[in-house]
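From a predicted model like this one, the values you see are computed outputs, not experimental measurements.
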Amino acid sequence: MTRAMGAAMRRIHVGNALSAFGLGFTVPYLYVYVAQVRGLGAMTAGLVLAVFAVAALIVLPFAGRAIVRRGPLPVLIVALVTAALGALSLGLAGNATAVLAAAAALGAGQAVMQPALATMIVDCSTAETRSRAFATQFFLQNLGLGVGGLIGGHLVDTTRVSSFTLLFAIEAAMFLLLAVVIAGVRMPHAPRVEGAPRGSVKGGWKQMLGNRAMVQLSVLGFVLFFACYGQFESGLSAYGVEAAGISTSALGTALAANTAVIVVAQFAVLRFVERQKRSRVIAAVGLIWALAWAVAGYAGLGNGSQEMATAAFVSTYALFGLGEAMLSPTVAPLVADLAPAGLAGQYNSAFALVKQLALAVGPAVGGPMGASLHAPYVVTFLVFSLGITVLALRLGRQLTVVQDQPWVARKRVVARGGVAVEPVGAQA
């Protein structure tokens with residue numbers, strides 16, 4: 001990595017931490033703000049969450065093409081300004097129409113940030129440093145969300161609308177500060193895609209759908225996000241309260257345990273993960289999450305004391321955090337290595353779209369099941385976790401050595417007296 005790339009990466013990481021810090025102020029309190037503080041009811045609050053997902057699904061197919069054509073930096077700045085306007089408007093909105101419009105702007109901006117930042121990390125890293133770069137990004141995201149949520153919890157007051165307006169104003173300020181920090185980044189020259197169609201995104205999507213490894217990774221990614229992230233604040237929390245008798249304070253402790261494990265374990269597992277086949281790391285995550293669901297089953301369906309049930313439920317979230325720490329330096333770099341030269345933005349946006357689909361479907365399926373069908377809920381997602389293992393092992397058969405175990409590939413090249421280079425294309 002050159003000195004310029006290192007300087008750019010530091011700015012990206014600082015900006016990423018700032019945006020996560022801003023999000024942490026508002027994400028835990030959005031439902032309460034809309035339903036209770038603004039007095040718009042549970043239905044409107046639910047629609048706001050749906051608008052976030054719909055806005056993301058609308059803009060992401062076009063975001064990838066924009067990143068490929070214009071570069072990630074200008075796309076990110078536009079997304080940040082849009083998100084800032086949405087956040088500030090949400091804090092000032094007093095009726096359902098204004099709240100939904102603000103949520104659409106905020107959701108669209110947040111959705112585009114993800115692939116734009118990921119593409120900047122790809123462009124400012126090498127095959128040797130990419131896993132660590134994405135691990136650092138994930139670490140800072142969780143740290144920022146945790147610290148932001150903690151501070152926001154002390155500032156918020158459900159009896160004062162102004163306290164929530166302050167939270168959304170801080171979130172908007174963080175987005176704008178990130179825009180200022182990122183605007184000074186000197187991005188390395190990314191390769192251009194020769195012959196790419198100019199009038200439509202169809203060409204890029206068709207090329208990507210012809211990449212069997214990327215298609216399999218997208219299916220795997222959907223199951224990953226559906227079985228874990230899509231359950232955190234919906235099905236799993238409902239299951240904990242209804243089946244295991246978990247108090248709201250214990251639920252907060254479980255979420256804190258998840259973040260703590262990620263923060264503590266992220267770099268501890270990184271050295272081990274970097275030396276393993278990526279497909280096998282993902283397969284191991286499936287087994288860890290299957291264990292997490294088994295522990296959740298004990299918490300809600302066992303005959304132990306309430307203290308044991310609470311400890312088991314907190315352990316469930318901690319095990320999910322361990323799996324997340326293993327995935328962060330694995331999945332995102334794999335998406336980058338599967339992308340042909342110059343199309344990292346397209347592939348990152350496609351994977352972000354898969355994530356949003358899973359996050360939209362996950363709560364819709366898991367919420368009602370977790371609240372009422374306790375045993376089927378646990379069994380269903382335990383099976384999905386084992387499915388992650390099966391899908392990951394199948395994906396491994398589609399990957400080249402460079403894509404599945406880049407450390408070994410670089411070691412072999414160096415041993416032969418050559419220079420390790422980054423892969424420029426994916427096995428189709």
Side-chain angles (χ1 to χ4, degrees), residues 18-63 66 74-116 144-145 148-149 151-180 230 232-234 352-353 355-357 359-364 367:
L18 289 173
S19 66
F21 179 70
L23 286 171
F25 270 90
T26 61
V27 168
Y29 315 108
L30 185 59
Y31 183 91
V32 173
Y33 169 70
V34 176
Q36 299 178 11
V37 177
R38 287 295 182 183
L40 299 177
M43 182 172 292
T44 301
L47 285 175
V48 167
L49 298 177
V51 164
F52 272 103
V54 171
L57 296 179
I58 291 174
V59 299
L60 281 171
F62 303 97
V75 174
L76 177 60
I77 290 176
V78 171
L80 288 168
V81 173
T82 302
L85 291 174
L88 189 58
S89 299
L90 196 56
L92 298 172
N95 57 68
T97 301
V99 165
L100 292 174
L106 180 57
Q110 287 180 9
V112 176
M113 283 182 216
Q114 298 177 36
L145 285 170
I151 297 176
H154 286 86
L155 294 178
V156 72
D157 182 353
T158 56
T159 64
R160 292 190 301 113
V161 174
S162 60
S163 68
F164 284 86
T165 302
L166 174 62
L167 293 189
F168 285 105
I170 292 173
E171 181 181 29
M174 291 298 103
F175 289 142
L176 294 176
L177 182 57
L178 170 55
V180 172
F232 269 6
E233 296 176 4
S234 58
L353 179 61
K355 177 181 178 180
Q356 289 297 327
L357 282 169
L359 294 180
V361 175

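The two residues Ala111 and Val59 make their nearest non-hydrogen contact at CB-CG2, 4.3 Å. The two residues Ala104 and Ala55 come nearest to each other via the heavy atoms O-CB, 3.5 Å. Among all heavy-atom pairs drawn from Gln114 and Ala352, the shortest one is OE1-CB, 4.4 Å. The two residues Ala116 and Leu76 come nearest to each other via the heavy atoms CB-CB, 3.8 Å. Pairing each heavy atom of Leu353 with each of Pro61, the nearest pair is CD2-CG, 4.1 Å. In plain terms, the two heavy atoms of Val48 and Val99 that are nearest each other are CG2-CG1, 3.4 Å.
Rounding to the nearest 0.5 angstrom, the gap separating the CG atom in Leu357 from the CG atom in Leu60 is 9.0 Å. Interatomic distance, Phe52 CZ to Leu100 CG, rounded to the nearest 0.5 Å: 10.5 Å. The distance from the CD1 atom of Ile170 to the CD1 atom of Ile151 is 8.5 Å, given to the nearest 0.5 Å. Annotation: the span from Ile58 atom CD1 to Gln356 atom CD amounts to 12.0 Å, rounded to 0.5 Å.
A donor-acceptor pair under 3.5 Å links the side-chain atoms of Thr165 to the main chain of Gly91, judged by distance alone.
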Kindly determine whether Leu176 and Leu80 satisfy side-chain contact (heavy atoms from CB on, under 4.5 Å), including the steps that lead there. CA-CA 7 Å; Leu176 294 176; Leu80 288 168; over 6 Å; no
Test side-chain contact (heavy atoms from CB on, under 4.5 Å) on Leu88 and Phe175; report intermediate values, then the result. CA-CA 11 Å; Leu88 189 58; Phe175 289 142; over 6 Å; no
Apply side-chain contact (heavy atoms from CB on, under 4.5 Å) to the pair Glu171 and Leu90, showing each step before the final yes or no. CA-CA 11 Å; Glu171 181 181 29; Leu90 196 56; over 6 Å; no
Can you check side-chain contact (heavy atoms from CB on, under 4.5 Å) on Phe164 and Arg38, steps first, answer last? CA-CA 10 Å; Phe164 284 86; Arg38 287 295 182 183; over 6 Å; no
